[in-house]
Amino acid sequence: MNALITVSAVEGEPRVLDTDLAAALGMVKVRDIRKLIHRNHAELEGFGGLPCRTANPGPLGGRPGKAFYLNEEQALLVAMFSRTERAKEVRAALVRVFAAWRKGNGQIGAPGGSGSQPGAN
């Protein structure tokens with residue numbers, strides 16, 4: 001499960017891309033996780049800002065959306081709110097991935113880039 005969850009450095013802190021979290025949770029449609037994020041926006045922002053970037057709609061075209069980068073607390077909340085069959089497993093994986101990052105054992109990279117050790121430039 002950890003292989004499905006990648007931590008990226010965004011604004012100097014570890015974050016998880018919403019689409020990676022959606023895939024780990026078993027959500028078929030990306031827009032489902034983004035709807036969940038929008039419905040719970042105020043509560044999620046209580047745990048920090050919600051950085052987002054314009055997301056490419058993909059090879060079939062479509063309207064660009066917003067890709068959200070969630071911190072540890074926000075990712076755990078989204079996993080709880082999702083109520084998918086994989087939610088329990090994903091929450092445990094998130095705890096392990098972020099703990100490994102804090103201990104310097106996790107991989108972290110720029111959004112969309114390859115991972116590197118925390119603090120390495």
Side-chain angles (χ1 to χ4, degrees):
M1 177 61 62
N2 288 11
L4 293 177
I5 300 173
T6 304
V7 177
S8 299
V10 177
E11 296 178 2
E13 70 174 287
R15 299 276 180 157
V16 173
L17 181 60
D18 61 353
T19 53
D20 291 346
L21 185 56
L25 288 165
M27 293 181 167
V28 177
K29 298 177 184 175
V30 171
R31 68 176 172 246
D32 290 343
I33 198 162
R34 294 191 176 148
K35 286 179 184 179
L36 192 150
I37 290 169
H38 284 291
R39 279 194 311 268
N40 297 284
H41 194 267
E43 185 171 353
L44 293 171
E45 279 198 325
F47 292 93
L50 269 173
C52 62
R53 300 213 167 103
T54 301
N56 183 349
L60 298 177
R63 197 168 21 165
K66 288 184 178 181
F68 291 94
Y69 290 87
L70 307 169
N71 66 24
E72 182 175 6
E73 293 87 356
Q74 293 164 338
L76 287 168
L77 281 172
V78 169
M80 286 183 353
F81 296 151
S82 74
R83 298 185 182 263
T84 67
E85 290 182 23
R86 294 185 186 168
K88 181 179 177 181
E89 182 182 358
V90 169
R91 288 191 305 268
L94 285 167
V95 169
R96 286 191 294 272
V97 166
F98 279 98
W101 182 85
R102 281 191 296 278
K103 292 176 184 175
N105 299 328
Q107 295 291 315
I108 188 165
S114 60
S116 63
Q117 286 296 329
N121 289 334

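Counting heavy atoms from C-beta on, the side chains of T19 and R34 come closer than 4.5 Å. No side-chain heavy atom of T6 sits under 4.5 Å from any side-chain heavy atom of L17.
Note: I5 CD1 to L21 CG = 6.5 Å, rounded to the nearest 0.5 Å. Note that the CE atom of M27 and the NZ atom of K35 stand 11.0 Å from one another [nearest 0.5 Å]. Taken to the nearest 0.5 Å, the NE2 atom of H41 stands 4.5 Å off from the CG atom of L50. Expressed to the nearest 0.5 Å, how far CD of E11 lies from CG of N71 amounts to 11.0 Å.
Considering all non-hydrogen atoms of both residues, G49 and R15 come closest at O-NH1, 3.1 Å. Across every non-hydrogen atom of Q74 and L44, the tightest pair is NE2-O, 3.0 Å. Nearest heavy-atom pair, F81 versus L36, reported as atom, atom and distance to 0.1 Å: CB-CD2, 3.7 Å. Residues V10 and Y69 approach most closely at CG2-CD2, 3.6 Å, considering heavy atoms. Heavy-atom minimum distance, I33 versus D18: CD1-O, 3.5 Å. The minimum heavy-atom distance linking L25 with A87 is given by the pair CD2-CA, 3.7 Å.
Tested against F47 for a side-chain contact (heavy atoms from CB on, under 4.5 Å), the candidates L77, L70, L76 yield a single pass: L77.
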Q. Taking it one step at a time, do N40 and V78 satisfy side chain to side chain contact (heavy atoms under 4.5 Å, CB included)?
A. CA-CA 8 Å; N40 297 284; V78 169; over 6 Å; no
